[in-house]
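Note sheet for the following structure.
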Amino acid sequence: HQRDREYKYLQLRYLYLEGRYFIRSGEYQKGIHDIQKVISYARELKQSDFLLEGYRQIIYYCIQTENIPEMRYYTELALDASVQANNHEAIAVNLRLKGLYHLMIGDEEQSLHHLYQSIDCFRLTDSLRSKYSIQIAAALDYLAEIEQIRGNFTTALAHQKEAIDLTENKIAE
């Protein structure tokens with residue numbers, strides 16, 4: 001049954017959940033192994049949602065371990081896959097993660113550019129703005145960090161206040 005498409009799809013779902021669990025609990029090698037399989041199966045089965053989620057999990061791993069070279073590679077792959085899938089929400093999330101990458105390497109201008117693009121994508125409609133308020137707040141938090149680095153404390157505080165207002169009474173993971 002390993003060649004059966006439905007079996008592979010179920011295995012894809014299981015590996016995604018298991019890999020995500022291992023990464024979050026710090027068992028990185030097990031988690032990355034599972035997520036690499038998820039990416040491979042997702043490509044084979046043309047499951048763009050799982051492909052994007054697999055990339056996102058590897059990016060989270062790169063953030064946790066400060067693996068900058070891999071983070072760059074996977075943020076590019078994730079953004080390209082988001083555009084190919086015409087998934088506007090994934091594009092916005094991946095723009096934010098790319099902005100974080102640029103912040104981590106000290107490229108403030110590129111970081112600002114990607115973070116503002118991410119926020120713009122999330123604010124296209126009221127329903128997106130409401131659904132992704134936590135994502136917008138995360139981007140605003142990074143913008144505040146950049147402004148703080150630059151010594152623009154008033155602007156940094158304004159971004160933080162807006163982020164807090166967006167997340168008030170929101171349940172987040």
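- Counted by atom type alone, Gln29 and His33 present zero donor-acceptor pairs between their side chains at under 3.5 Å.
- Taking all atoms of both residues into account, the shortest heavy-atom contact from Ile59 to Ala78 is CD1-CB, 4.0 Å.
- No side-chain donor-acceptor contact under 3.5 Å links Asp141 to the backbone of Ala137.
- To the nearest 0.5 Å, atom CD of residue Gln148 and atom CZ of residue Phe153 are 6.0 Å apart.
- In this structure, Glu145 CD and Leu115 CG are separated by 10.0 Å, a value rounded to the nearest 0.5 Å.
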Next item on the list: Verify salt bridge (Lys or Arg N to Asp or Glu O under 4.0 Å) between Arg123 and Asp120, making sure each step is shown before the conclusion.
Entry: CA-CA 5 Å; Arg123 288 184 171 167; Asp120 289 345; 6.0 Å; no
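- Under 3.5 Å, the side chains of Glu18 and Tyr14 contain a donor-acceptor pair of N or O atoms.
- Heavy-atom contacts from other residues, nucleotides or ligands closer than 6.0 Å to CZ of Arg129 number more than 12.
- Residues Tyr132 and Ile164 fall into different hydrophobic clusters, defined by Ile, Leu, Val, Met, Phe, Trp and Tyr side chains chained together at heavy-atom separations under 4.5 Å.
- Across all non-hydrogen atoms, the minimal contact from Ser118 to Leu95 is CB-CB, 3.8 Å.
- Enclosure of atom OH in Tyr73 is not indicated, since only 12 or fewer non-hydrogen atoms of other residues, nucleotides or ligands lie within 6.0 angstrom.
- No more than 12 heavy atoms of other residues, nucleotides or ligands shown are found within 6.0 angstrom of OH on Tyr21.
- Asn87 and Ser82 share no donor-acceptor pair across their side chains, judged by distance under 3.5 Å alone.
- Atom CG in Leu143 sits 12.0 Å away from atom CG in Asn152 (nearest 0.5 Å).
- Taking 4.5 Å as the limit, every side-chain heavy atom of Leu166 sits out of range of all side-chain heavy atoms of Ile134.
- The pair Lys37-Asp34 fails the salt-bridge criterion, with no side-chain N (NZ, NE, NH1 or NH2) lying under 4.0 Å from an Asp/Glu carboxylate O.
- The number of heavy atoms from other shown groups lying within 6.0 Å of CZ (Arg150) is above 12.
- Scanning all heavy atoms of the two residues, the minimum distance from Ile146 to Ser111 falls at CD1-OG, 3.3 Å.
- Inter-residue side-chain proximity for Tyr9 and Gln47 is flagged as met; some heavy-atom pair is nearer than 4.5 Å.
- In terms of heavy-atom proximity, Val38 sits nearest to Phe50 at CG1-O, 3.8 Å.
- Between Tyr74 and Tyr55, the ring planes are tilted. Angles from 30° to 60° get that label.
- A side-chain N or O of Arg20 and one of Tyr16 form a donor-acceptor pair less than 3.5 Å apart.
- The distance from atom SG of Cys121 to atom CD of Gln135, rounded to the nearest 0.5 Å, is 12.0 Å.
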